[in-house]
Each structure stands twice: as structure tokens, then as C-alpha cells.
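Keep in mind that what you see is a predicted model, and the values were worked out from it rather than measured. Below, all heavy atoms of this structure are taken into account, side chains as well, without hydrogens, waters or symmetry copies.
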Amino acid sequence: MKIALAQFNPTVGDFEGNSVRILELAGEAKSRGADLAVFSELCLCGYPPQDLVERPAFAARNQKELALLAKAIPMPSLVGFVGKAQDDTGKGVANSAALIAGGKILFEQRKMLLPTYDVFDESRYFQPAHTQHVFRLEPEALGITICEDCWNDKAYWPQRLYDRDPVAELVGKGSTLLLNISSSPYTIDKRSLRHDMLRAIAREHRVPFVYVNQVGGNDSLIFDGSSVAFMPDGRIAAQAKSFEADLVLFDTRTGEGDIRPHSDDELEGAYRALVIGTRDYVRKCGFRKTVVGLSGGVDSALVATIASDALGAANVLGVAMPSPYSSEGSMRDARRVAENLGIQFLVLPITETFDSYRKTLAPAFAGRAEDVTEENIQARIRGNLLMAISNKFGSLVLSTGNKSEMAVGYCTLYGDMAGGLAVISDVPKTMVYALSEFVNREKERIPRETITKPPSAELRPNQTDQDTLPPYDTLDRILKAYVEDLRSPEEIADHFSFPLDLVRSVARRVDQNEYKRKQAPPGLKVTSKAFSVGRRFPLAQKF
């Protein structure tokens, strides 16, 4: 049997557009001699649909569109959609896969393992499958699973989350070919983890394993595609591109298939994820143009570079807003990065506006020295100007704060946090520098001085980030251990030989600034634990 692994970029709720893409890919698969086309999890409605699933009209539209698709599909195809639950107990819908052909729905399989951790909340919406069945599509006996169903192999995981293994059960029922349709979000190092896990399953059960994943960005989540087919000996027989729509063929008889080249460079993967995540968020939300505040610093330079690669230089406006404390070097670097990228550049000085604020507030602040209040006023003036440009020209503001700053509250509400998308809010500062070097690998896009100069908010004379923060290589190690690995300050201090008081102060700042992050724009997730999604802590608490 020749199988087409058909990964594409669906938009949540765009039934018409998603159906058109499914039909196009099925037609291409047929023309290339495929016997079966396999699509990704919930591809008909887009993933993740979240609370749209709870609307009866949304669930009904899934059923209607699937029936229409079955009549139009040119070849047997496996499609993910929101189906009906098996019975009347609990939720009324299921995360389902349908095998459609010849105008009919030949077979349905519901998802058995519903993840409820990190970014996933599927038990909120779906009823799990109680049973599974093998479907005979000559000459193979298909064992169909959906995403999490293949993430519970007892031979691979030292500690399992579920008491059932859908893959093992299907093999026990005679499956000769395992199919898994997924919407598995990207994080750094996850592609290699998936490969290791899927290879282990194929080897353990001595059955070919076909895995088809969604590609593209939907809100904070980014999907890398990277669909793959493994032979029983663990050999890769087919492999689709990462971060691009693709269709590759796999022949179960010969064990041969299309293999697209892959890069194992995780830094490159993270950059491509940020580009596609930015492109899809902007376009799927109905925008074409973006605006970025260019400070002359490395964070805003990287965001502008990502936006330029995602949307084209003509769709990015860089705005420099110098204050009394902005250095000539920063203005020069801001202008240079705009010139290097070929984006539009605008200068809006804020000194007079800042003086007006201080004059207005002078009676209220009489007898008090200037402090962080005046620093924040400058940031808020800039946020106000960027949002005014957004309103006037219909451009989406891309905020420029990185994960390290967001973690410890080194950011200003309604100031540099203002915007519609926080592009690098899940990128630690040390990784910001690494990505900046990466984008300069062929030619200088981000000025060298921007990368090498000491980072500064330039909100007071001679200010640097390290006046109030530990060095970023120290800070980022503490933050990863505390935020992503859930280590205690005592464990972190002991592991890295850091002063305990330093680690505790960082952890305290993370906890105290939860309220800021709750009000931040959505951000793109690239690490195992992002602030914008998949991490829920109470604001009012004393733990």
C-alpha cells in the first residue's frame, strides 16, 4: 500500500479553507499513485479549537463538512474532526479520525488518551474512546490512533501517565500497519524526542508506524510538521519537511518513500518556529502589517528580523522613540537594523512628551525624588505611540520583551509590554543573543554593536540591566530550573553552586510578577514551559 503523509497548515474554524486544502492534497496524492492519504488531528476544524468545541453549531459543522468532504474526496483518506461521543455519558463530542472514501464514512476511531497537562486540556472537551478496532483496508489491517494515544509505550517511558496503551492493544488485535494523526506542538528538542519514541514503538511491535503531524501556528502554539514513517527495524522510510506544508509517499510493500532533508540544529529550528508562528498569528488574525519599537537593543532588533522574514520587509515598520537618556549609539543601531532589513523606519522623539508628563505630575509628586516611576512613564509613552500607529494604520504591534525579562518583571505594564503578539516572550536572553548570531551567519542583519554592547533599558543615565539583575547566563540557568524544571531554590543553589540568597531573590521576583504576565500579549511557545500558555499560577497566594 502506498500512503501519502499529508501535512498542512489549517486555520481554526475555517472549514471551507481547510476542506479545500484537504481535497487539493488528496488529489495530489492520487495523481502520485497513493492508495491512502493520511491527514493530521482535527485538521478539518483546526487545532486547538478550545471552547469552540462546546458550541453545538461548531460540532454540527464538523459533521456536515465531513459528510461533504466524503462525497468529494478523490481517494481513501484519514481525516481528523470533532465527532460524536460513543454514548450519552459525559461529554457529547470526541476527538475523532474518519476514514472516508466513495462518498461514505467507512470507519471512525475516537481518541482514547486525553492529555490534561501543560498546554493540553482535552478532558474539558472530549469523551475518551472506550474501545478500539482494527479496520481492514486491503492489503493492510489499519491500527488508527490519535496523537497522545501513542505517547504511553511501557517500553519507552519509565513512568506512564495512563493505564492503557492503545498502540499495544491494536497490535494485539492484528494490526499490520499503525497510523497516528497528530497535532503535536513544537518545543526545542521535541522533534528528536518524537523520533526516538516512534522508532522505539515500531521496533518493539515489529510493525510499520506512520505519523502525520500538523504544521503552522495557531495562537501561541507552533506545529512543526515533521511527519515520518518508520519501518519495523526502526529505519526512517519517509520524512516530511519541518515548518512547511508537505506531502510525502511511503510504500509499505517496498519500505521506500520520500525523505526530505532535516536539520538537527535546534537553534535553526527555534528560529523557523518563531518565523512561522509570527506569520500565522498575524495573517490568521486578519493583519498584513506590523510595527516594532526599535530601541537599538538586541531584543527589538531580533523581533524586527523575525517579522521581516515572516511577513516581508514591506510589511514591517520600525519606530525609534528616543528619550533624554537614549544614546547616540542606540539611535544609530536602530537605524542600521532598519536599513539592513529594508524595513520602513520612523523616529518619534518623546522628550517633550516626557517633560509634559513630569510637569503635569509635579504637584502630585512634590517633595519626592525621581525613581522608577519616571522610568516607567517613558516606557508607557512609547507604548501609547505604538498603539496609536496600530490604530491609525491597522498594523499589529509586536512587543519585544524576552523570557528573562518577563520572568522577573523587568518590563513595564502598558509600556514595552503593549502589543498584539509577544514574539520572543518564551526566548531567554542568552538565546536571544544566540539567535541574533544565527541570523547574521550569512551577512550582518543585526549590527555587531547591538549584540556586543551591555544591555540597557536607557531609562536613566548610565543604566544597564545588570544594575538590578544577575548576569544573564546566571539568571537564565536559575529561571530554567525554577520555571521549566520546577526545582526549589535550595535545589538550584546546590546544583549550580549559586548563593542561596540570589536564587531566592530571583524566585521571589518570578512569583511576584505573575500579575504582569497575566496582562501580557499572547506569546509564541518554543520551550517546554512558556508563561503565555500551559503555566497556571494564582495571583493572590502566599506559598
- prompt: Does a sphere of radius 6.0 Å around CD in Gln519 hold more than 12 heavy atoms from other residues, nucleotides or ligands, not counting ones at 6.0 Å or beyond?
  reply: yes
message: Has Ser40 got a side-chain atom pairing as donor or acceptor with Cys43's backbone, closer than 3.5 angstrom?
response: no
Rounded distance [0.5 Å steps], NE2 in His205 versus CD1 in Ile201: 6.5 Å
message: Salt bridge or not between Lys403 and Asp426? Use side-chain N to carboxylate O under 4.0 Å.
response: yes
query: Has the side chain of Arg279 got a donor or acceptor atom that lies under 3.5 Å from a matching backbone atom of Ala310?
result: yes
- request: May I ask you to decide whether Arg272 forms a salt bridge with Glu244, counting only side-chain N to carboxylate O separations under 4.0 Å?
  value: yes
query: Judged by modelled atom types alone, do Thr145 and Asn180 share a side-chain donor-acceptor pair under 3.5 Å?
result: yes
- request: Answer with yes or no whether the side chains of Tyr211 and Arg194 bring together a donor and an acceptor at under 3.5 Å.
  value: yes
message: Regarding Glu484 and Arg535, does a basic nitrogen lie under 4.0 Å from an acidic carboxylate oxygen?
response: no
- request: Mark yes or no for whether Lys529, through its side chain, and Val483, through its backbone, hold a donor-acceptor pair below 3.5 Å.
  value: no
- prompt: In a check of side-chain hydrogen bond (donor to acceptor under 3.5 Å, both in side chains) between Arg191 and each of Ser184, Ser263, Ser242, Ser226, which one passes?
  reply: Ser242
message: Taking the six-membered ring for Trp, are Tyr433 and Tyr472 closer than 6.0 Å centroid to centroid?
response: no
task: Report the distance from atom CG of Asp333 to atom CD1 of Ile446, rounding to the nearest 0.5 Å.
output: 11.0 Å
message: If only side-chain N and O atoms count, and only distance matters, is there a donor-acceptor pair under 3.5 Å linking Lys518 with Asn513?
response: no
- prompt: Under 30°, 30 to 60°, or over 60°: which ring-plane class applies to His195 and Phe230, parallel, tilted or perpendicular?
  reply: perpendicular
- prompt: Ion pair present between Lys429 and Asp476, side-chain N to carboxylate O less than 4.0 angstrom?
  reply: no
- prompt: Do we see a donor-acceptor contact under 3.5 Å between the side chains of Arg124 and Thr116?
  reply: no
message: Main chain of Ala379, side chain of Tyr414: is a donor-acceptor contact present, judged purely on distance under 3.5 Å?
response: no
query: Which distance, rounded to the nearest 0.5 Å, do you find between the CD1 of Ile181 and the CG of Leu42?
result: 7.5 Å
task: May I have the step-by-step check of side chain to side chain donor-acceptor pair (under 3.5 Å) for Asn218 and Asp280, ending in yes or no?
output: CA-CA 7 Å; Asn218 278 316; Asp280 281 346; over 6 Å; no
- prompt: Are side-chain heavy atoms of Glu491 and Val503 found at a separation under 4.5 Å?
  reply: no
field: Working for salt bridge (Lys or Arg N to Asp or Glu O under 4.0 Å), residues Lys525 and Asp118
entry: CA-CA 11 Å; Lys525 183 182 189 300; Asp118 191 35; 3.7 Å; yes
query: Does atom CZ of Arg368 have more than 12 heavy-atom neighbours from other groups under 6.0 Å away?
result: no
- request: Please state whether the rings of Phe496 and Phe498 are parallel, tilted or perpendicular, taking 30° and 60° as the class boundaries.
  value: parallel
query: Taking it one step at a time, do Lys111 and Glu41 satisfy salt bridge (Lys or Arg N to Asp or Glu O under 4.0 Å)?
result: CA-CA 10 Å; Lys111 190 172 184 176; Glu41 177 183 15; 2.9 Å; yes
field: Closest non-hydrogen atom pair, Ala481 against Ile492
entry: CB-CG1, 3.6 Å
field: Check: Arg203 and Asp233 side chains under 4.5 Å, non-hydrogen atoms
entry: no
query: More than 12 foreign heavy atoms under 6.0 Å from NZ of Lys443: is that the case here?
result: no
task: Would you mind reporting whether Val319 and Leu385 have side-chain heavy atoms less than 4.5 Å apart?
output: no
task: Answer yes or no: is there a donor N or O on one side and an acceptor on the other, between the side chain of Arg160 and the main chain of Asp153, under 3.5 Å?
output: no
- prompt: Sub-3.5 Å donor-acceptor pair from the side chain of Asn376 to the main-chain atoms of Thr412, do we have one?
  reply: no
query: Between Ser327 and Ser330, does any side-chain donor sit less than 3.5 Å from a side-chain acceptor?
result: yes
message: Looking at every heavy atom in both Leu524 and Leu274, which two are closest together, and how far apart are they?
response: CD1-O, 3.7 Å
query: Does a side-chain heavy-atom distance below 4.5 Å link Val38 with Leu5?
result: no
Shortest non-hydrogen separation from Phe120 to Pro115 and the atoms involved: CB-O, 3.5 Å
message: Can you see whether Tyr125 engages Asp51 through a side-chain donor-acceptor pair at a distance of less than 3.5 angstrom?
response: yes
query: Counting heavy atoms not belonging to Asp264, are there more than 12 under 6.0 Å from its CG?
result: no
task: Of all the heavy-atom pairs spanning Val248 and Ala238, show the shortest one and how long it is.
output: CG2-CB, 4.4 Å
task: Work out which heavy atom in Ser399 is nearest to a heavy atom in Ala418; give both atom names and the distance.
output: CB-O, 3.5 Å
- prompt: Under a 4.5 Å cut-off applied to non-hydrogen side-chain atoms, are Arg448 and Arg336 in contact?
  reply: no
- prompt: With side chains defined as the heavy atoms from C-beta onward, is the minimum distance between Leu502 and Pro470 less than 4.5 Å?
  reply: yes
- prompt: When you check the gap from the basic side-chain N to the acidic O, do Arg477 and Asp485 get nearer than 4.0 Å?
  reply: no
query: So do Asp224 and Val215 actually touch side chain to side chain, heavy atoms under 4.5 Å?
result: no
- prompt: Are Gln7 and Asn213 linked by a side-chain donor-acceptor pair shorter than 3.5 Å?
  reply: no
- prompt: Does Arg445 offer a backbone N or O that forms a donor-acceptor pair with the side chain of Asn440 under 3.5 Å?
  reply: yes
message: Measuring only between side-chain heavy atoms, which start at C-beta, is Val526 closer than 4.5 Å to Val427?
response: yes
- line: Note: Tyr482 and Arg487 closest approach over all heavy atoms is CD1-O, 3.3 Å
query: Are Lys154 and Asp165 within salt-bridge range, i.e. N to O under 4.0 Å?
result: no
Distance-only polar pair, side chains of Tyr271 and Asp309, donor-acceptor under 3.5 Å: yes
message: Check this for me, if you would: do Asp511 and Lys542 make a salt bridge, where the nitrogen-to-carboxylate-oxygen distance has to be below 4.0 angstrom?
response: no
task: Drop me the distance from Phe223's CZ to Phe8's CZ, to the nearest 0.5 angstrom.
output: 12.5 Å
